[in-house]
Amino acid sequence: MFSFNSPYGACTECHGLGEIMQISEDLVIPDRSKSLMDGALAVYGKIDISWRIQQLAAVGKKYGFDVLHRSTNLQKADTNFIAWN
């Protein structure tokens, strides 16, 4: 028997909240033919030489991707890292 006051019987996928936190990679990076610098990330658009691109470049250096190369070269782990962080 389900009760809102008890975790027993709650959905194992949403933990009883009725919502699942997911990110669509196609919405985060809609045009994979562009580099991150040229506007592959929908939330930023075309990025100029600013603090934001410097931060992305530093993360890319640590995790092995380049902000100047096309987004098609990004691995699944890279896109997950960018989307969730």
Side-chain angles (χ1 to χ4, degrees):
M1 174 185 251
F2 176 77
S3 169
F4 286 105
N5 296 323
S6 173
Y8 301 109
C11 171
T12 57
E13 196 169 336
C14 71
H15 305 289
L17 298 176
E19 294 182 0
I20 300 170
M21 183 80 128
Q22 293 180 334
I23 293 178
S24 171
E25 290 181 18
D26 293 333
L27 293 176
V28 175
I29 305 175
D31 188 357
R32 292 190 174 270
S33 66
K34 294 180 180 179
S35 69
L36 296 178
M37 183 81 166
D38 290 332
L41 290 176
V43 69
Y44 294 143
K46 186 167 172 42
I47 303 175
D48 58 353
I49 303 298
S50 65
W51 176 84
R52 185 175 296 137
I53 195 62
Q54 291 173 6
Q55 296 300 308
L56 277 173
V59 168
K61 184 176 180 182
K62 178 173 177 141
Y63 290 96
F65 63 87
D66 190 356
V67 296
L68 298 175
H69 288 99
R70 291 176 22 176
S71 300
T72 54
N73 297 338
L74 290 174
Q75 301 297 319
K76 178 85 169 160
D78 299 333
T79 56
N80 280 340
F81 183 83
I82 291 169
W84 288 98
N85 294 299

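The figures here come from the full heavy-atom set of this structure, side chains too, leaving out hydrogens, waters and symmetry mates.
In this structure, the side chain to side chain contact (heavy atoms under 4.5 Å, CB included) partners of Glu13, at least two apart in sequence or on a different chain, are Cys11, Ile20. The side chain to side chain contact (heavy atoms under 4.5 Å, CB included) check on Leu27 picks up Ser24, with sequence neighbours excluded.
Between Ser33 and Asp31, the shortest heavy-atom distance links the atoms OG-OD1, 2.5 Å. Residues Pro30 and Ala40 share a closest heavy-atom pair of CD-O, 3.3 Å.
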